[in-house]
Amino acid sequence: DSLAIIRAFHAANLAIRANVWFNYVASKANVADLPSRGDLALMADVLRHVSPSFSLDADGHKPSLKFSHHSHDFGACLVHQPGLPPRRHTLTVTNMDTKEYSIDCIFDSTEFPFLHVGDSPASLAPGQSADVDVEFFPDQPKHYKALVPFSVNGLYTVNVVYTGEGVPMRLELVKPEQNSVHFGHVREGHSETREIRMVNKSRLPVTCVVDKQCLEDLAALGVTPADGWNGQTPVMFPPRQANGISFKYKPSRRGPSFD
């Protein structure tokens, strides 16, 4: 009947929070196109006493994604310098579900400039895996912590926490006067070898190589790495220990002195 229709209509109206108005159509019985006072009174009374009742059915499904880790500690790393490779770790994301999911890394690199996060997969099909490379390069001697969030389908977020510590590099000459190495006067065809001793005062091991351009410049003067070392093989300096690198000067012809 009309009362049931009004109640159902009002319940739906409240449920969806719609703005509703009525438009009366003129008829022979109502040439002025106006509702009767009785109709208005009836509707007002119905609306005051209506208690809407409805039910909702839904199927919730949490994405079945496997992250190889949810936290990782890079540990102590040397404060980054030009030419020093960053510490790297790989995060693997696997879709264990039967549905495809989009994944978006919403990491703010301006807030955590010491961390670089590689591209995340745009989407993962069922059974598919993808790797995300994360690099840590501390610029100060202190402890670090960063939160890397991954958004799944724009509705679900997975957070991965990364921590680490910056340690200053302190590789110093055992004898400060060795900042200048003198080979003396060496005759053509003869050679002289000098060892440069350095001590690592850092908490971490330090490796040392000679820049390629520097090696080329030295070779043009007759100076080359000595004792079987080629200048490019890293020489290890353990923490708080000393080690040395050697150079040989063997002129192939007479030439002016150099510095």
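Along the sequence shown, the residues carry numbers beginning at 1. The figures here come from the full heavy-atom set of this structure, side chains too, leaving out hydrogens, waters and symmetry mates. The structure presented is a predicted model; accordingly, all values stated were derived computationally and were not measured.
- Hydrophobic clustering (side-chain heavy atoms under 4.5 Å, transitive across Ile, Leu, Val, Met, Phe, Trp, Tyr) groups W229 together with L171.
- Using cut-offs of 30° and 60° on the angle between ring planes, the pair F67 and H70 is tilted.
- At distances below 3.5 Å, at least one donor-acceptor pair connects side-chain atoms of N230 with backbone N or O atoms of T233.
- Residues M169 and V209 fall into different hydrophobic clusters, defined by Ile, Leu, Val, Met, Phe, Trp and Tyr side chains chained together at heavy-atom separations under 4.5 Å.
- In this structure, R170 CZ and M198 CE are separated by 15.0 Å, a value rounded to the nearest 0.5 Å.
- Partner of E165 under the salt bridge (charged side-chain N to carboxylate O under 4.0 Å, His left out) criterion, chosen from R203, R87, K142, K145: R203.
- In terms of hydrophobic clustering, with Ile, Leu, Val, Met, Phe, Trp and Tyr side chains grouped at heavy-atom distances under 4.5 Å, V117 and F137 are assigned to different clusters.
- In terms of heavy atoms, S202 sits closest to V206 at OG-CG2, 4.3 Å.
- Taking the salt bridge (Lys or Arg N to Asp or Glu O under 4.0 Å) definition, one finds that E195 meets it with R197, sequence neighbours left out.
- A side-chain donor-acceptor contact under 3.5 Å links Q232 to the backbone of V210.
- Note: K99 NZ to L65 CG = 12.0 Å, rounded to the nearest 0.5 Å.
- Here the shortest heavy-atom pairing between Y156 and V158 reads CE2-CG2, 3.7 Å.
- Hydrophobic clustering, defined by side-chain heavy atoms of Ile, Leu, Val, Met, Phe, Trp and Tyr closer than 4.5 Å, groups V199 together with V174.
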With a cut-off of 3.5 Å and sequence neighbours excluded, list every side-chain donor-acceptor pair involving residues 73-85.
unit_1	atom_1	unit_2	atom_2	d
D73	OD1	G75	N	3.0
D73	OD1	T163	OG1	3.1
H80	ND1	L84	O	3.2

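- For the pair V223/F183, a side-chain contact is recorded, criterion being any heavy-atom separation below 4.5 Å from C-beta on.
- If you look at F136 and Y144, their ring centroids are closer than 6.0 Å.
- Relative orientation of the F107 and F112 rings is parallel, given thresholds of 30° and 60° on the angle between their planes.
- Residue A226 comes nearest to T193 through the heavy atom pair CB-CG2, 3.9 Å, listed as atom of the first residue, atom of the second, then distance.
- Distance check, rounded to the nearest 0.5 Å: NE2 of H116 to CZ of R88 gives 9.5 Å.
- Residues near M96 contribute nothing to a hydrophobic cluster around it, because no ILVMFWY side-chain heavy atom sits closer than 4.5 Å to its side chain.
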Donor-acceptor contacts under 3.5 Å from residues 239-249 side chains, at least two apart:
unit_1	atom_1	unit_2	atom_2	d
N243	ND2	M236	O	2.9
S246	OG	D227	OD2	3.2

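- The shortest side-chain heavy-atom distance between H69 and V160 falls under the 4.5 Å cut-off.
- Residue E192 comes nearest to V186 through the heavy atom pair CG-CG2, 3.5 Å, listed as atom of the first residue, atom of the second, then distance.
- In this structure a side-chain-to-backbone donor-acceptor pair under 3.5 Å is missing from N153 to L155.
- Annotation for V132 and D119: closest pair CG2-O, 4.0 Å, computed over non-hydrogen atoms.
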Side chains of residues 120-128: which donor-acceptor pairs under 3.5 Å do they make with residues two or more places apart or in other chains?
unit_1	atom_1	unit_2	atom_2	d
S120	OG	C105	N	3.2
S123	OG	E100	OE2	3.2
Q128	OE1	A125	N	2.9

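- Annotation: side chain of D131 is not in contact with side chain of S68 (no heavy-atom distance under 4.5 Å).
- Nearest heavy-atom pair, S129 versus T94, reported as atom, atom and distance to 0.1 Å: OG-OG1, 2.8 Å.
- Within a 6.0 Å radius of NE2 in H72, more than 12 heavy atoms belonging to other residues, nucleotides or ligands are found.
- In the hydrophobic cluster analysis, where Ile, Leu, Val, Met, Phe, Trp and Tyr join through side-chain heavy atoms closer than 4.5 angstrom, L91 is grouped apart from L147.
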